[in-house]
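Input: a single structure, listed below in structure tokens.
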Amino acid sequence: MDPATEAFIAHRNLLFTVAYEMLGSAADAEDVLQETWLRWAGVELDTVRDHRAFLVKITTRQALDRLRALDRRKESYVGPWLPEPLLTAPDVAEDVELAESVSMAMLLVLETLAPTERAVFVLRDVFALEYEEIAEAVDKSQAAVRQIAHRARAHVAARRPRGAASAAQTRDALTAFQRAVETGDLQPLLDILAPDVVFVSDGGGRRQAALVPVVGVDRVAEVLARVPALASLRPAHVNGYPALIFHVDGEVDTVVAVRVDDGRITGLYAVRNPDKLSRMERETALHR
């Protein structure tokens with residue numbers, strides 16, 4: 001294996017994770033990695049002091065370009081847009097900070113940041129890169145990057161889940177959801193829904209889904225009461241946290257994740273767009 005290929009493969013999972021956290025789309029993250037490889041293959045390795053930092057810089061710049069294009073695509077997207085879920089290996093959950101950073105709830109918080117803010121936050125607060133490296137990656141001065149990092153950190157802190165939910169709390173919430181769907185008895189689930197719970201479903205115009213978020217325990221209860229008992233509900237680890245995968249006729253139909261704040265469900269996220277469910281058949285390796 002030539003040195004360029006060896007270095008790229010050694011850092012591939014890290015680069016994918018960086019791109020995915022910036023984009024919320026595995027398909028776009030894979031495209032970014034292809035573009036990164038094409039640029040990396042043309043680099044004179046003797047001129048590169050730190051292969052990892054240089055690869056992260058290329059990936060970040062490509063992801064920023066694609067993030068701006070993705071934002072334009074979202075403007076014409078049918079209904080709410082949710083991140084593309086990933087079936088993740090158990091070791092992702094063991095890294096609490098990594099699992100939180102790729103959780104559906106956190107990715108939705110990152111969606112509220114401007115592209116450069118998102119890049120700086122991900123590189124600094126998730127991957128602990130030095131300000132000098134981040135400045136190179138986003139083409140800003142170190143002083144500007146420090147200001148952006150401070151602003152992004154405050155923005156995220158105001159919106160991230162209150163009191164990190166444990167995997168056990170999340171699993172209990174999903175067990176209640178699964179029991180409600182399978183038995184038709186909603187009461188145990190309603191008992192743990194927050195009054196201002198939000199139900200978001202992403203069908204992308206391909207599958208039936210609510211075109212706007214459903215807010216409030218009463219309205220969410222009405223939606224859940226219409227959910228048919230499906231043939232197969234399987235617990236799994238998705239984006240580092242417990243989730244439910246719905247199968248219909250042997251095919252993945254829906255992935256349900258939850259946001260838990262202070263022991264109560266404040267967000268229910270149902271991804272139904274089949275274009276976003278291709279990563280549910282195999283585990284995706286993530287790495288910091």
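One is the number of the first residue; the rest follow in order along the sequence.
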- Task: Indicate yes or no: does D261 engage R259 in a salt bridge with an N to O separation below 4.0 Å.
- Result: yes
- Task: List for me each residue that meets salt bridge (charged side-chain N to carboxylate O under 4.0 Å, His left out) alongside R206, sequence neighbours excluded, and say none if there are none.
- Result: D275
- Say whether, by atom type as modelled, one donor and one acceptor occur between the side chain of E133 and the main chain of E130 under 3.5 angstrom. yes
- Query: Between A176 and P188, what is the shortest heavy-atom contact and its length?
  - Reply: CB-O, 4.4 Å
- Do T59 and T36 have a side chain donor and acceptor closer than 3.5 Å? yes
- Query: Is any side-chain N of the basic residue among R207 and D253 closer than 4.0 Å to the acidic one's carboxylate O?
  - Reply: yes
- Message: Less than 3.5 Å apart, any donor N or O on the side chain of D202 or Y77 sitting next to an acceptor on the other?
- Response: yes
- Task: Report yes or no: is the cationic atom of R124 (NZ for Lys, CZ for Arg) under 6.0 Å from the centre of the six-membered ring of Y131, at an angle within 45° of the ring normal?
- Result: yes
- For N239 and L86, indicate whether the former's side chain and the latter's backbone hold a donor-acceptor pair under 3.5 Å. yes
- Query: Thinking salt bridges, do R264 and D191 make one under a 4.0 Å N-O criterion?
  - Reply: no
- Message: If you apply the rule side-chain hydrogen bond (donor to acceptor under 3.5 Å, both in side chains), what do you find for T5 with D2, and how did you get there?
- Response: CA-CA 6 Å; T5 303; D2 65 272; 2.7 Å; yes
- Query: Is the closest side-chain donor-acceptor distance between S101 and E21 under 3.5 Å?
  - Reply: yes
- Item | Residues forming a side-chain hydrogen bond (donor to acceptor under 3.5 Å, both in side chains) with D95, sequence neighbours excluded | R288
- Electrostatic pair D185:R179 at N-O distance under 4.0 angstrom: no
- Does CD belonging to Q187 count more than 12 external heavy atoms closer than 6.0 Å? yes
- Can you tell me how far the CZ atom of R159 sits from the CG atom of L108, to the nearest 0.5 Å? 13.0 Å
- Would you check if the distance from the ring center of W40 to the ring center of F8 is below 6.0 Å? no
- So, for L23 and A29, which heavy atoms are closest and what is the spacing to 0.1 Å? CD1-N, 3.9 Å
- Message: With a sphere of 6.0 Å drawn around CZ of R151, does it hold more than 12 non-hydrogen atoms of other residues, nucleotides or ligands?
- Response: yes
- Message: Could you check whether D71 pairs with K74 (Lys NZ or Arg NE/NH1/NH2 to Asp/Glu carboxylate O, under 4.0 Å)?
- Response: yes
- Note on the structure: Residue set satisfying side-chain hydrogen bond (donor to acceptor under 3.5 Å, both in side chains) with E30, at least two apart, ordered chain then number -> R12, R279
- Determine whether more than 12 heavy atoms belonging to other residues, nucleotides or ligands lie under 6.0 Å from atom CD of E251. no
- Task: Take F246 and V252 through the side-chain contact (heavy atoms from CB on, under 4.5 Å) test and state the conclusion after the steps.
- Result: CA-CA 6 Å; F246 287 35; V252 176; over 6 Å; no
